[in-house]
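Reckoned from all heavy atoms, side chains included, excluding hydrogens, waters and symmetry mates.
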Amino acid sequence: MNKPFEDQASRILWHRNLLGYTQEEYGRRAGITRASVNNYESGDFQVGLAAARKLRAAYELSLDFIYEGEVEALPMNLRRALLDKPKDK
């Protein structure tokens, strides 16, 4: 069964892995807790607006990307990294 927010989860997880951060580091740099990052990456919890705004401020992730997956809303360096990633099998 699919999780309700697995699309958001995959985008957050992709970005954290791209940076090579632990959940603790990723959250700390954005001002959110490790537990929150874990919840978002689980796909069971939606990224709240306050947390999404903190991710935007810390990492230049647009709200359109976090919530809707709009690749065009990413800075060019992140867009290239996302488009160049190997496809999941």
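Between the CD atom in Gln23 and the CD1 atom in Ile12 there is a gap of 11.5 Å [rounded to 0.5 Å]. Rounding to the nearest 0.5 Å gives a distance of 10.5 Å between CG of Leu78 and CG of Leu83. One finds the NE2 atom of His15 at 8.0 Å from the CG atom of Leu74 (value rounded to the nearest 0.5 Å).
The aromatic rings of Trp14 and Phe65 sit perpendicular to each other, their planes meeting at more than 60°, with 30° as the lower class boundary.
The minimum heavy-atom distance between Gln8 and Ile66, with the atom names listed, is CG-O, 3.3 Å. Taking every heavy atom of both residues into account, Ala58 and Ala30 meet most closely at CB-CA, 3.7 Å. Scanning both residues, Ala52 and Leu63, for their nearest heavy atoms gives CB-CD2, 3.5 Å. Pairing each heavy atom of Tyr26 with each of Tyr59, the nearest pair is O-OH, 2.8 Å. Taking every heavy atom of both residues into account, Ile32 and Lys54 meet most closely at CG2-CD, 3.8 Å. In terms of heavy atoms, Glu41 sits closest to Leu13 at OE1-CD1, 3.6 Å.
At most 12 heavy atoms of other shown residues, nucleotides or ligands fall within 6.0 angstrom of atom CD in Glu68. The environment of Glu60 atom CD is sparse: at most 12 non-hydrogen atoms of other residues, nucleotides or ligands sit within 6.0 angstrom.
Follow the hydrophobic side-chain contacts under 4.5 Å out from Phe5 and you never reach Tyr67; the two are in separate clusters.
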Apply side-chain contact (heavy atoms from CB on, under 4.5 Å) to residues Asn38 and Thr33 and explain how you reach the verdict. CA-CA 9 Å; Asn38 184 64; Thr33 66; over 6 Å; no

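Residues forming a side chain to side chain donor-acceptor pair (under 3.5 Å) with Tyr40 (at least two apart in sequence, or on another chain): none.
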